[in-house]
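Quick notes on the structure that follows.
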Amino acid sequence: MGTSAVKLPNDILYIGVNDRDIDLFEGQYVVPNGIAYNSYLIMDEKIAVMDTVDRRKKEEYLDNLEKALAGKTPDYLVISHVEPDHASSIGAFLERYPSAKLVGNAKTFQLLANYFELNLENAVTVKEGDTLSLGRHELRFMMTPMVHWPEVMFTYDSYDKVLFSADAFGKFGALDAEEDWDCEARRYYFNIVGKFGMPVQSVLKKAAGLDIQVICPLHGPVLNENLGYYLDKYNIWSSYQPETEGVFIAYASFHGNTAQAARKLEEILLQKGCPRVECADLAREDMAEAVENAFRYGKVVLAAVSYNGGLMPFMETFLHLLKAKNYQKRTVALIENGSWAPSAKRCMSEILSQMSGVNVLEKSITIQGAVKNGTVEELTELADQLLA
């Protein structure tokens, strides 16, 4: 879907941009199909702009805004999120429209001062439940701290029943990317918002009391059909419940033996009727996607080689990422390899013990070198436990 195909109520206009030039979002997440920086314009007796975009695309954004305004001047700029991919063009916006009033909460302006030296005499400071009338459109503000920054707020337009949801319900990928919403929205959620499940649950409870017909996130497509589907996904993700029945196997291998064990377990599980198995080489595949899959499935197998009396670095990094994202409520099985001093199981267990509600199966497998017939027998027993 290109930006021209965005479906919005008549007097709400899309003025965001696609970024196809970026290689890493937030300096760490691979985005092969780019990213969209969304911004919206509400045309009424008073005119409100809903957020700006990353300064990487500020000229294109300002051109979009000027064209949409058709000679008019915006009265307000509503700032839902101060992170630079949405707020770093605020200075350029004010240079072009100096009479516009900034709208945000107290924390908004506190954080904004870290990036700009602005005169905030005309700023409009709002709090939970405050409203701003544009004419037909009345904007109501909802404080949604830690989804995923402390100043984040949603805005609800009661006239067109539109929820401007900041980073919530966003996804990786430019708007003209032909890709599944679930996959890139899930990868986005768990890697960026995933730690903050409880705040997201609180937001969902607030949203349940609103008549929402359209959701306008700051990344990804405008959602205006089957909204219950997207709300249900967010409820599953933010409550840390498994989403897909099956097993995720993540492995970190040196010379291919640990990889062989992981792939053999995948084969056995599928032969025994496991509905779905995902297998990831942590050294080669996207780490953010591995994090996504660890949350997607309720059962996870970690297979790693021992390294210098510790753990293969890719597995260690992966586990620390899971811990940082508040990983919980999962069943985990361990496979270690070590020719002369196996240490991977101990190291994996130590990190997993710091996570809430992670059940490590008593049955584990130690390989000392190559996969042998006895190893295959143990993998078969492990598969039976995982499928029990």
Side-chain angles (χ1 to χ4, degrees), residues 240-283 285 290-291 293-307 309-323 325 327-388:
Y240 301 102
Q241 300 301 319
E243 180 185 357
T244 302
E245 186 179 355
V247 177
F248 175 54
I249 304 171
Y251 67 86
S253 183
F254 271 176
H255 302 294
N257 295 305
T258 307
Q260 182 184 358
R263 292 295 178 180
K264 186 62 181 178
L265 177 61
E266 177 186 23
E267 177 187 321
I268 294 168
L269 284 165
L270 290 171
Q271 287 175 347
K272 287 180 171 290
C274 186
R276 183 165 178 152
V277 183
E278 296 262 3
C279 199
D281 179 352
L282 295 177
E285 298 180 32
V291 168
N293 280 323
F295 279 97
R296 180 176 184 176
Y297 295 91
K299 297 175 182 179
V300 174
V301 179
L302 304 177
V305 67
S306 306
Y307 178 69
L311 181 61
M312 166 62 151
F314 284 104
M315 180 61 76
E316 188 170 21
T317 297
F318 177 60
L319 285 170
H320 283 299
L321 283 172
L322 291 182
K323 180 185 173 187
K325 306 302 179 186
Y327 193 65
Q328 57 184 270
K329 299 180 181 178
R330 296 297 186 273
T331 296
V332 178
L334 302 178
I335 300 172
E336 68 173 349
N337 197 342
S339 297
W340 44 272
S343 55
K345 176 187 172 183
R346 169 179 55 80
C347 295
M348 290 189 287
S349 297
E350 286 176 358
I351 302 172
L352 289 166
S353 70
Q354 301 169 38
M355 303 180 198
S356 174
V358 173
N359 172 39
V360 179
L361 290 183
E362 185 175 343
K363 170 66 178 176
S364 63
I365 297 174
T366 297
I367 306 167
Q368 290 189 279
V371 174
K372 300 177 182 177
N373 289 335
T375 311
V376 174
E377 292 176 6
E378 287 193 275
L379 290 170
T380 302
E381 293 174 11
L382 181 60
D384 288 334
Q385 284 202 17
L386 288 166
L387 295 175

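Please read all numbers here as calculations on a predicted model, not as lab measurements.
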ask   = Excluding sequence neighbours, so at least two apart, what forms side-chain contact (heavy atoms from CB on, under 4.5 Å) with Cys347?
value = Leu311
Under 3.5 Å, sequence neighbours excluded: what are the donor-acceptor pairs made by side chains of residues 371-379?
unit_1 : atom_1 : unit_2 : atom_2 : d
Thr375 : OG1    : Lys372 : N      : 3.2
Glu378 : OE2    : Lys363 : NZ     : 3.4

request  = Write down the atom of Ala262, the atom of Tyr251, and the distance for their closest heavy-atom approach.
outcome  = CB-CD2, 3.5 Å
inquiry  = For Glu362, I'd like to know if atom CD has over 12 heavy atoms of other residues, nucleotides or ligands within 6.0 Å.
reply    = no
task = Apply side-chain contact (heavy atoms from CB on, under 4.5 Å) to Glu350 and list each qualifying residue two or more places apart in sequence or on a separate chain.
result = Arg346
request  = Apply side-chain contact (heavy atoms from CB on, under 4.5 Å) to Glu285 and list each qualifying residue two or more places apart in sequence or on a separate chain.
outcome  = Arg263, Ala280, Asp281
request  = Verify the ring-centre separation between Phe254 and Tyr307: is it less than 6.0 angstrom?
outcome  = yes
message = Measuring only between side-chain heavy atoms, which start at C-beta, is Leu352 closer than 4.5 Å to Leu319?
response = yes
key: Partners meeting side-chain contact (heavy atoms from CB on, under 4.5 Å) with Glu245 (sequence neighbours left out)   = Pro275
query = Leu322 pairs by side chain to side chain contact (heavy atoms under 4.5 Å, CB included) with which of Arg330, Gln328, Met355?
reply = Met355
task = Of all the heavy-atom pairs spanning Leu282 and Phe314, show the shortest one and how long it is.
result = O-CD2, 3.6 Å
task = Drop me the distance from Glu336's CD to Met312's CE, to the nearest 0.5 angstrom.
result = 15.0 Å
For Asn257 against Ala370, the heavy-atom pair lying closest together = OD1-CA, 3.7 Å
Side-chain touch Ile249/Leu269, heavy atoms, less than 4.5 angstrom = yes
query = Is any side-chain heavy atom of Leu361 less than 4.5 Å from a side-chain heavy atom of Thr331?
reply = yes
key: Ser253 (side chain) donor-acceptor with Ala259 (main chain) under 3.5 angstrom   = yes
ask   = Of the non-hydrogen atoms in Thr258 and Ala252, which two are nearest, and what is the gap between them?
value = CG2-O, 4.0 Å
Residue pair Met315 / Ala250: nearest heavy atoms and the distance that separates them = CE-O, 3.4 Å
query = CD of Gln385 to OG1 of Thr380: how many Å apart, nearest 0.5 Å?
reply = 12.0 Å
task = Heavy atoms only: give me the nearest Cys274-Gly246 pair and the separation to one decimal.
result = SG-CA, 4.0 Å
Show me the side-chain donor-acceptor pairs of residues 295-306 shorter than 3.5 Å, one per line, residues at least two apart or across chains.
unit_1 : atom_1 : unit_2 : atom_2 : d
Arg296 : NE     : Thr244 : OG1    : 2.8
Tyr297 : OH     : Arg276 : NE     : 2.8
Tyr297 : OH     : Glu278 : OE2    : 3.4
Lys299 : NZ     : Leu386 : O      : 2.4
Ser306 : OG     : Asn337 : O      : 2.9
Ser306 : OG     : Ser343 : N      : 2.7
Ser306 : OG     : Ala344 : N      : 3.1

request  = State the CD1-CG distance between Ile335 and Leu265, to the nearest 0.5 angstrom.
outcome  = 5.0 Å
